[in-house]
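Everything below concerns the one structure shown next.
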Amino acid sequence: MEKITDELTGVKTVAIAGHIRPDGDCIGSCMGMYLYLKENYPDIETDIYLEQPREGFSYISHLEDIKTACTEEKIYDLFITLDASTSDRIGVAQELFRKAKRRICIDHHVSNPGFADKDIICPQIGSASEVLYHLLEEEKITKPIAEAIYTGMAHDTGVFRYSCTTPDTMRIAAKLMEKGIDFSSIIDQSFCEKSYVQNQILGRCLMESIQVLHGKCIVGCLRRKDLEFYGVEPKDLDGIVEQLRVTRGAEVAVFLYELKTQEFKVSLRSKGSVDVNRVAVYFSGGGHVRAAGCTMQGSVYDVINNLTLQIEKQLKEKCSD
Ligand code: AMP
Ligand code: MN
Ligand code: MN
C-alpha cells in the first residue's frame, strides 16, 4: 500500500473528519491521522472536525483541538475522511469536504461505494484505524499516535474478539504495544468502564428487550423519554447492542433509539448467519456483514416489523440452502 506522505507534496492545509456519532474506531483513526500530521509535518496546518468524544477517551492526546462546529469558509488543499462510509455521514465538515482541492477517503465499510478523489477502502480489514496504520511510516508513529490507533483497532474488533480480527491485526497491535502504550488502561477506560447512568440505561434496555423470530432475533429499544429520564446522550449508548448480541440463541441483535418523533437510529449486529449490511442497505444505511446501522422513520412497531421481516427473509434463505 502507498503511504500518506506521498499525498502531502505541496500541501499546506489539511482537514480530517470521521462520521457522525463517532465510535472508537472513528475517534481513534481521526486522532491518529491528526497527531501523525501534527507531529511529523508541523508546517502543514491541520484541522480535525468531529463530535466531542465521551469522557472515556480523554487519554487520547489533543482532543481539545477538535472542532465540533464549522465556522470557517476555508478551502483545504487536502481533506481526509476516516471510517466514513458515505459523504453525507461526514457531519459538520461536509461542505468543506465538497470544496476541498483534493479528497481522500480511508475506510473499511463493505457498503462504501467510494466518494473521494482517492478511495482507500479495505472491507477485509477490521477497522479504519488498521487501514490507516498501513498508510503510515512505522518510524514516524509516536506513543500518542499509537494510543489513538490502538483504541480504534480495539473498539472495532470488540477488543480483538470478533471475526474481523486477523493475524495481521495482532501483529500491528504488537507493534503499537512496542511504542510503550498502556494498552490495558486504554481498553479499561474507553471500552469497559461505564458511567453509573450508562450502566442504568444498559440495564433498562436489557430488562425490556424482546425476543422475536423464535429467539433468533433480540430487540432492545430506548425512547426519548428514557434517554431524558437518565440524562444520557447517544454516545452513552455504546456497547448496548453488543450486550444484546451475546444472548444465547440470538443470531441478530437489533438496538434502536429514538432520535426524534417517529425517527429511530438502528444498530444491527449478527453472529454471522445473517448479513446485516444487506438489511441496513435495504433501509438506506450500511456497514459490515456483522455490524451495520441505518436511520428509520415510523412508529416503533413499524420499524421493528420492517426490520424483522428482512431478517426473517435471510434466515429462511439460510434454511432452504
Ligand atoms: P453502529 O450500529 O452505529 O455502531 O454502526 C455499525 C456499523 O455500521 C459501523 O461501522 C457504522 O459506521 C456503520 N453504519 C451505521 N449507520 C450507518 C448508516 N446510516 N450508513 C452507513 N453505515 C452505517
Ligand atoms: Mn465507525
Ligand atoms: Mn470502523
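Owing to the predicted nature of the structure, the values given are computational and were not obtained by experimental measurement. Each ligand, and each atom within it, is numbered from 1 in the order the structure gives. All values below come from the heavy atoms of this structure, side chains included, with hydrogens, waters and symmetry mates left out.
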Metal site angle (apex the Mn ion (ligand 3)), OD2 from Asp25 and NE2 from His108, 10 degrees |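 Asp25 OD2 and His108 NE2 form an angle of 100° at the Mn ion (ligand 3).
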
Between Leu37, Ile80, Ile66, which is the residue that forms a side chain to side chain contact (heavy atoms under 4.5 Å, CB included) with Ile48?
->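 The passing option is Ile66.
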
Reference residue Val303; test side chain to side chain contact (heavy atoms under 4.5 Å, CB included); the match among Val219, Val254, Val266 |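 When side chain to side chain contact (heavy atoms under 4.5 Å, CB included) is applied between Val303 and each of Val219, Val254, Val266, only Val266 qualifies.
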
Suppose we call two aromatic rings close when their centres sit under 6.0 Å apart. Are [X] and [Y] close by that rule?
X: His155; Y: Tyr162; result: no
X: Phe255; Y: Phe264; result: no
X: Phe97; Y: Tyr76; result: no

Under 3.5 Å side-chain donor-acceptor pair for [X] and [Y]:
X: Asp25; Y: Ser129; result: yes
X: Tyr41; Y: Lys140; result: yes
X: Ser299; Y: Gln262; result: no

N/O/S atom of His19 inside 2.8 Å of the Mn ion (ligand 2), strictly under =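 It does; at least one qualifying atom falls short of 2.8 Å.
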
Would Asp107 count as a contact for the Mn ion (ligand 3), in the sense that one of its N, O or S atoms lies under 2.8 Å from it?
->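 So Asp107 does not bind the Mn ion (ligand 3) by this criterion.
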
Round to 10° and report the angle made at the Mn ion (ligand 2) by OD2 of Asp23 and OD2 of Asp83.
->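 Between OD2 of Asp23 and OD2 of Asp83, at the Mn ion (ligand 2), the angle is about 130°.
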
Approximate separation, where rounding is to 0.5 Å, of Gln189 CD and Ile60 CD1 =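 Rounded to the nearest 0.5 Å, the CD-CD1 separation comes to 10.0 Å.
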
Report, in ascending order of atom number, the atoms of ligand 1 lying under 4.0 Å from any heavy atom of [X].
X: Gly285; result: 18 (C), 19 (N), 20 (N), 21 (C)
X: His109; result: 9 (C), 10 (O), 11 (C), 12 (O), 13 (C)
X: Ser85; result: 21 (C), 22 (N)
X: Gly287; result: 8 (O), 13 (C), 22 (N)
X: Lys265; result: 1 (P), 2 (O), 3 (O), 15 (C), 16 (N)

Please indicate whether any nitrogen or oxygen in Ser111 is less than 3.5 Å from any nitrogen or oxygen in ligand 1.
->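 Among all N and O atoms of Ser111, none is under 3.5 Å from an N or O of ligand 1.
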
Just distances here: any N/O of His288 and N/O of ligand 1 closer than 3.5 Å?
->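 In this structure, His288 places an N or O atom under 3.5 Å from an N or O of ligand 1.
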
Do any N or O atoms from the side chain of Lys194 and from the backbone of Asp236 form a donor-acceptor pair under 3.5 angstrom?
->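 Between the backbone of Asp236 and the side chain of Lys194 there is no qualifying donor-acceptor contact (under 3.5 Å).
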
Structural part of Cys294 in contact with ligand 1, heavy atom criterion under 4.0 angstrom |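 Under 4.0 Å from ligand 1, Cys294 contributes backbone atoms alone.
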
Looking only at protein heavy atoms, identify the closest one to [atom] and say how far it is in Å.
atom: atom 2 (O) of ligand 1; answer: Ser267 OG, 2.6 Å
atom: atom 23 (C) of ligand 1; answer: Gly286 O, 3.3 Å
atom: atom 7 (C) of ligand 1; answer: Ala291 O, 3.5 Å

Between Met296, Arg269, His155, Arg21, flag the one that comes closest to atom 4 (O) of ligand 1 by a heavy atom.
->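 Among Met296, Arg269, His155, Arg21, the closest heavy atom to atom 4 (O) of ligand 1 belongs to Arg269.
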
Specify whether His19 and His109 have parallel, tilted or perpendicular ring planes, treating 30° as the upper limit for parallel and 60° as the lower limit for perpendicular.
->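 If you compare the ring of His19 with that of His109, the planes turn out perpendicular.
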
Shortest-distance N, O or S atom of Asp156 relative to the Mn ion (ligand 3) |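 Answer by atom name: OD2.
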
